[in-house]
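Here, residue 1 is the first one in the sequence, and each next residue gets the next number. These numbers come from a predicted model, not from an experiment.
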Amino acid sequence: MRSKSSIAFALAAILLLTAFVCGCTDSGPAPTETKTISVTGSTTVLPIAQLAAEAYMDTHPEADIQVSGGGSSVGVKAVGAGTADIGMASRDLKSSESEAYPELVQHVVAKDAIAIIVNPSNTVSDLSVAQIKSIYLGDSTNWKDVGGPDETIVVVGRDSASGTREYFHEAVMDEEDFTMGQLEKNSNGAVRQTVAQTPGAIGYVGLGYIDATVKAVPVNIGSTNVDASVETVISGVYPIARGLNMFTMGEAEGLSADYLAFIMSSEVQALVLKEGFVPVV
């Protein structure tokens with residue numbers, strides 16, 4: 001028969017072993033799993049996407065929303081091919097895209113005007129849509145042809161991946177070809193910078209990209225000059241305006257759905273307005 005001391009020793013050893021095992025397996029609450037989505041495409045929609053992502057992640061530390069540009073065509077192709085969760089586009093889908101990716105779902109997150117900008121030194125007071133088209137066709141090559149100074153026009157536009165270019169091509173150019181002398185830039189910011197640094201330049205950018213480095217030219221409609229602004233887009237008076245979109249493959253789910261819902265909240269739509277775009281709610 002075992003002595004009381006040996007029994008006590010055995011019990012103590014068992015308790016110590018149990019405590020050791022429990023200590024090894026109980027590591028506290030499991031860490032929150034990081035959820036990641038990628039958003040890519042239009043450089044016009046990019047500021048909205050970035051601001052919304054930052055604001056969302058501030059209160060959702062488990063979320064990782066990765067935002068990048070590249071142009072509307074890049075965004076549509078990426079979400080259609082499954083290499084991005086959300087594709088941004090500053091235009092509607094082309095028929096070829098709708099055929100290639102029939103399951104894409106459109107989410108209009110804001111509206112925008114395409115502003116016509118020139119170098120601040122340019123004295124031109126306004127341009128009609130017909131005059132803008134004439135410049136981008138290459139028919140008008142001197143600013144004096146359209147009421148400006150005697151100076152050669154430097155035509156600046158967007159590259160072929162741009163949704164802003166696509167919309168401009170339809171709404172202003174009636175799908176006629178751009179002049180071969182056009183300088184093609186890959187972002188709104190690059191267009192703005194070129195126009196700001198080139199006295200004879202003209203370009204077009206989203207409403208949120210107007211700043212003091214360039215001069216936004218009113219568009220003449222009959223006897224009225226209409227500025228590109230939030231108010232004229234809401235009223236429907238400004239003639240070169242469009243919706244800004246995000247696309248998902250099928251209905252959005254999970255973090256993508258939460259993120260899109262957050263963009264449509266009053267908080268983010270206020271940021272949309274602050275950035276110079278037009279809220280939709």
Side-chain angles (χ1 to χ4, degrees), residues 40-47 68-77 88-91 94 112-220 228 238-242 244 276:
T40 191
S42 167
T43 61
T44 301
V45 189
L46 186 65
S68 62
S72 295
S73 294
V74 170
V76 172
K77 184 176 180 180
M88 303 179 288
S90 55
R91 56 167 173 79
K94 301 176 185 178
D112 188 27
I114 295 179
I116 308 303
I117 58 172
V118 298
N119 186 274
S121 65
N122 196 323
T123 58
V124 69
S125 60
D126 61 84
L127 292 168
S128 67
V129 173
Q131 288 174 321
I132 298 166
K133 178 182 177 181
S134 178
I135 290 171
Y136 276 87
L137 284 172
D139 294 340
S140 297
T141 58
N142 192 297
W143 280 107
K144 68 180 181 181
D145 299 334
V146 290
D150 184 5
E151 186 172 36
T152 299
I153 299 175
V154 179
V155 180
V156 183
R158 293 293 303 281
D159 61 5
S160 59
S162 165
T164 301
R165 170 181 167 137
E166 190 73 24
Y167 179 80
F168 190 89
H169 186 234
E170 295 174 0
V172 176
M173 302 297 291
D174 298 318
E175 299 190 351
E176 294 186 47
D177 292 338
F178 290 98
T179 173
M180 294 293 291
Q182 176 180 237
L183 302 178
E184 297 187 358
K185 303 297 177 178
N186 64 1
S187 69
N188 283 274
V191 171
R192 180 178 61 191
Q193 182 179 24
T194 301
V195 172
Q197 296 173 349
T198 311
I202 183 173
Y204 54 88
V205 295
L207 192 59
Y209 286 85
I210 300 173
D211 66 12
T213 67
V214 293
K215 171 184 171 181
V217 180
V219 175
N220 180 270
Y238 191 74
I240 317 174
R242 44 52 192 288
L244 301 181

Taking all atoms of both residues into account, what is the closest heavy-atom pair of [X] and [Y], and its distance?
X	Y	value
A216	I117	CA-CG2, 4.3 Å
I210	A115	CD1-CB, 3.5 Å
P218	S125	CD-O, 3.3 Å
Y136	I202	OH-O, 3.4 Å
L127	V124	CD2-CG2, 4.1 Å
T123	P149	OG1-CD, 3.5 Å

Between W143 and V118, is a side chain to side chain contact (heavy atoms under 4.5 Å, CB included) present by the stated rule, with each step listed? CA-CA 11 Å; W143 280 107; V118 298; 3.6 Å; yes
Is a side-chain donor or acceptor of [X] paired with a backbone partner of [Y] at a separation under 3.5 angstrom?
X	Y	answer
N142	E151	yes
Q197	T194	no
T43	L46	no
K215	N122	yes

Counterpart residues, side-chain contact (heavy atoms from CB on, under 4.5 Å), relative to A201 (two or more places apart):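 A201 satisfies side-chain contact (heavy atoms from CB on, under 4.5 Å) with V154, V156, V195, T198 only.
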Could you check whether S134 and S140, counting side-chain N and O atoms only, form a donor-acceptor pair closer than 3.5 Å?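 Their side chains do contain a donor-acceptor pair, which is all the 3.5 Å distance test asks for.
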Return yes if a side-chain donor-acceptor contact under 3.5 Å exists between S187 and R192, otherwise no. no
Does some side-chain heavy atom of [Y] sit less than 4.5 Å from a side-chain heavy atom of [X]?
X	Y	answer
I135	V146	yes
T44	D112	yes
T164	Y204	yes
V129	P239	yes
I132	I116	yes
Y209	P47	yes
S90	R242	yes

SB check E184 R158 (cutoff 4.0 Å):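 No salt bridge links E184 with R158.
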Tell me, with the steps shown, if S72 and E166 meet side chain to side chain contact (heavy atoms under 4.5 Å, CB included). CA-CA 9 Å; S72 295; E166 190 73 24; over 6 Å; no
May I have the step-by-step check of side chain to side chain contact (heavy atoms under 4.5 Å, CB included) for I114 and Y167, ending in yes or no? CA-CA 9 Å; I114 295 179; Y167 179 80; 3.4 Å; yes
Run the side chain to side chain contact (heavy atoms under 4.5 Å, CB included) test on L137 and F178 for me, step by step, so that the C-alpha distance in whole Å, both residues' side-chain angles and the decisive distance to 0.1 Å come before the verdict. CA-CA 5 Å; L137 284 172; F178 290 98; over 6 Å; no
Inter-residue atom distance D159.CG - L183.CG, 0.5 Å rounding: 12.5 Å
When the side chains of residues 168-175 are checked against the rest of the protein, which donor-acceptor pairs come out under 3.5 Å, sequence neighbours left out?
residue	atom	partner	partner atom	Å
H169	NE2	E175	O	3.3
H169	NE2	E176	O	3.1
D174	OD2	K133	NZ	3.0

For S73, give me all partners under side chain to side chain donor-acceptor pair (under 3.5 Å), at least two apart in sequence or on another chain. R91
